[in-house]
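Shown next, in C-alpha cells, is the structure this report addresses.
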Amino acid sequence: MAAFADPKVCAVTVSDATDSTFGTLYVVATPIGNLDDMSVRALRVLKDVALIAAEDTRHSQRLLQHFGIQTPLAACHDHNEREEGGRFLARLRGGDDVALVSDAGTPLISDPGYHLVRQAREAGIRVVPVPGACALIAALSAAGLPSDRFIFEGFLPAKAAGRQARLQALNEEPRTLIFYEAPHRILDSLRDMAAAFGPERPALLAREITKTFETLKGLPLSELCGFVEQDSNQQRGECVVLVAGFTAPEGGEAVSAEGLRVLDLLLEEMPLKRAAALAASITGERKNALYQAGLARKEPAGG
Ligand code: SAM
C-alpha cells in the first residue's frame with residue numbers, strides 16, 4: 001500500500017516510462033493447491049522467459065517439473081530481494097524477460113516481490129501481471145459475505161497483545177475483513193476476533209481451498225470458535241478468515257464491541273438497568289444505547 005502513496009512510484013506507468021530494449025518482468029500467479037488452476041498463459045510465460053525469480057527455488061522446481069518446464073530458476077525471497085533485485089534488473093535491462101513466482105498464489109500478496117516490482121518500475125522496465133489463484137479472492141468469491149467492499153489485513157501479529165490491539169482498531173470497520181492465519185494460531189485468533197467484534201458477528205473459515213480437505217464454514221464468530229475447538233482437523237492446513245463488517249444495530253445507536261463485552265460481563269452479575277449504567281460509566285458510551293443493546297441480546301436470535 002505504501003507504494004501508492006509514493007509519487008515516484010505513481011508517476012511510473014507502463015506506457016510512458018518503459019524502454020523497449022529492456023525485457024519484461026512478468027508477475028505470474030501459480031496454484032494455491034490444485035495444479036489444474038495453472039493458467040495456459042502462465043505456463044507459456046514460464047516456458048518462454050529467460051529466468052524465473054522464485055520465492056523458493058526447490059518448491060517451484062517441483063511445479064516446473066510437473067509441467068515439463070526447463071527454464072532456470074533463481075532465488076528471490078524476503079531476505080535477498082532488496083540486494084539481489086539488482087541481479088534480476090541487470091538481466092531485464094539486458095533484454096531478457098524474467099518471471100516472478102511465489103510458492104503459491106499471487107506474488108506480493110503476503111509474499112515477496114514488492115521490492116523487485118518497485119525497482120523494475122522505477123527503472124522503466126515493463127511489468128506485466130499474469131493473474132491466477134489468490135487465496136483471499138477465492139475465499140471471498142465463495143463466502144456469501146458482502147464483496148463489494150472489503151479489506152485485506154494479511155497476517156495478524158503473532159503475539160496476543162499485538163493481535164488484540166489490531167483487532168480492536170478494526171472493530172467498527174464496515175467493510176468485510178479478510179485475514180490470513182497460520183493453523184497453529186487459528187483458534188486463538190478466532191477467540192480474539194469474537195472478543196473484539198462480538199460473538200454474533202458473521203464469519204467464515206476457508207480452509208485448504210482447492211485441496212482435498214477444502215472446508216468453507218460460515219458461522220457467527222463464537223460458534224466458529226466452537227467448531228474449530230471441537231475438531232482438531234480444523235486446526236490444520238492453510239486458512240483464510242473472513243468477518244462481516246460492522247453494522248450499527250437497526251433502529252438503535254451503535255455500541256462498540258468493547259461496550260458489548262463490558263455489558264455482557266456485568267449482565268452476568270446484575271440486572272440490565274444497573275449493568276447499562278455501570279457499563280456507560282466504564283466505557284463512556286451512552287447508557288440508553290447500552291440498555292437497548294442489552295434488550296436486543298435478550299431477544300432470541302433470528303435468521
Ligand atoms: N500469495 C498467496 C495468495 O495469493 O493467496 C498467499 C501466500 S501467504 C504466504 C500464505 C497464506 O495464504 C496461508 O497462510 C493462508 O492463510 C493463505 N492460503 C494460501 N493457500 C491457501 C489455501 N489453499 N487455502 C486457504 N488459505 C490459503
Side-chain angles (χ1 to χ4, degrees), residues 1 3 25-39 41-42 45-46 52-60 62-63 66 75-81 99-118 127 129-145 147 150-158 163 166-167 176-190 192-193 203-219 224 227-228 231 233-243:
M1 296 304 257
L25 175 63
Y26 293 94
V27 183
V28 181
T30 57
I32 55 170
N34 188 329
L35 293 182
D36 287 352
D37 290 336
M38 190 75 179
S39 77
R41 182 167 171 234
V45 167
L46 293 181
I52 299 172
E55 179 183 6
D56 177 340
T57 51
R58 276 184 307 178
H59 184 99
S60 295
R62 289 195 288 275
L63 181 79
H66 177 87
C76 176
H77 45 66
D78 276 337
H79 307 295
N80 77 350
E81 196 190 326
L100 170 68
V101 296
S102 62
D103 287 356
T106 303
L108 279 82
I109 306 302
S110 295
D111 266 345
Y114 163 71
H115 295 290
L116 179 59
V117 167
R118 182 179 167 143
V127 181
V130 181
C134 179
L136 78 104
I137 297 297
L140 181 66
S141 72
L145 290 170
S147 53
F150 59 90
I151 112 166
F152 175 53
E153 277 288 314
F155 288 96
L156 285 163
R163 181 168 64 231
R166 183 76 207 118
L167 291 170
T176 296
L177 297 134
I178 307 178
F179 304 91
Y180 282 169
E181 193 48 284
H184 61 280
R185 277 197 290 270
I186 187 65
L187 191 53
D188 286 341
S189 283
L190 287 173
D192 287 344
M193 286 177 195
L204 180 128
L205 174 67
R207 211 175 56 80
E208 297 287 89
I209 303 168
T210 76
K211 303 187 201 177
T212 312
F213 297 106
E214 180 180 86
T215 311
L216 274 79
K217 190 75 179 172
L219 285 170
L224 198 53
F227 170 74
V228 171
D231 180 359
N233 285 327
Q234 303 304 327
Q235 296 166 48
R236 298 204 176 106
E238 298 193 281
C239 53
V240 183
V241 179
L242 296 93
V243 182

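Counting convention: from 1, in listed order, for ligands and their atoms alike.
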Query raised in the report: Would you say L156 and R185 make side-chain contact, with heavy atoms under 4.5 Å?
Result: no

Query raised in the report: Between L167 and F179, is any pair of side-chain heavy atoms under 4.5 Å apart?
Result: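 Yes. Closest side-chain heavy atoms under 4.5 Å.
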
Report summary line: Per-atom filter on ligand 1: closer than 4.0 angstrom to a heavy atom of E181 are 14 (O), 16 (O)

Query - ligand 1 atoms in contact with G105 (distance to a heavy atom under 4.0 Å) - result: 3 (C), 4 (O)

Report task. Consider ligand 1: state whether an atom of it lies below 4.0 angstrom from any non-hydrogen atom of A206. Result -> yes

Requested in this report: Take every heavy atom of D111, measure it against each atom of ligand 1, and state whether any distance is under 4.0 Å.
Outcome: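 A heavy atom of D111 does come that close to ligand 1.
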
Requested in this report: To the nearest 0.5 angstrom, please state how far the CD atom of Q234 sits from the CG atom of L224.
Outcome: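 The distance works out to 9.0 Å.
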
Report task. Would you give the length of the straight line joining atom CG of L140 to atom CG of L242, rounded to the nearest 0.5 angstrom? Result ->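 Spacing of CG (L140) from CG (L242) equals 6.0 Å.
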
What residue and heavy atom of the protein are closest to [atom], and at what distance?
{"atom": "atom 14 (O) of ligand 1", "answer": "F155 CZ, 3.3 Å"}
{"atom": "atom 6 (C) of ligand 1", "answer": "I109 O, 3.5 Å"}
{"atom": "atom 22 (C) of ligand 1", "answer": "I209 N, 3.6 Å"}
{"atom": "atom 8 (S) of ligand 1", "answer": "S110 O, 3.6 Å"}
{"atom": "atom 4 (O) of ligand 1", "answer": "T106 N, 2.8 Å"}
{"atom": "atom 16 (O) of ligand 1", "answer": "C239 O, 2.6 Å"}
{"atom": "atom 13 (C) of ligand 1", "answer": "E238 OE2, 3.6 Å"}
{"atom": "atom 26 (N) of ligand 1", "answer": "V240 CG2, 3.4 Å"}

Query raised in the report: Pick from V130, L25, V28: which one makes a side-chain contact (heavy atoms from CB on, under 4.5 Å) with L100?
Result: L25

**Report entry** Non-neighbouring partners of H115 that pass side chain to side chain donor-acceptor pair (under 3.5 Å), sequence neighbours left out
**Finding:** R82

Report all side-chain donor-acceptor pairs from residues 105-113 shorter than 3.5 Å, counting only partners two or more places apart or in another chain.
{"residue": "T106", "atom": "OG1", "partner": "A133", "partner atom": "O", "Å": "2.8"}
{"residue": "D111", "atom": "OD2", "partner": "S102", "partner atom": "OG", "Å": "2.8"}

**Report entry** Neighbour count above 12 (heavy atom, 6.0 Å) for F155 CZ
**Finding:**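 Atom CZ in F155 is packed in, count exceeds 12.
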
Is the closest N or O pair between [X] and ligand 1 shorter than 3.5 Å?
{"X": "A104", "answer": "yes"}
{"X": "Y180", "answer": "yes"}
{"X": "A135", "answer": "yes"}
{"X": "I32", "answer": "yes"}

Requested in this report: Tell me, with the steps shown, if F213 and N233 meet side chain to side chain contact (heavy atoms under 4.5 Å, CB included).
Outcome: CA-CA 9 Å; F213 297 106; N233 285 327; over 6 Å; no

Report summary line: Heavy atoms of I32 and A135 approach each other most closely as CD1-CA, 3.8 Å

**Report entry** Closest heavy-atom pair and its distance - H77, E55
**Finding:** CB-O, 3.4 Å

Report summary line: With heavy atoms and a 4.0 Å threshold, my read on which part of K211 contacts ligand 1 is side chain

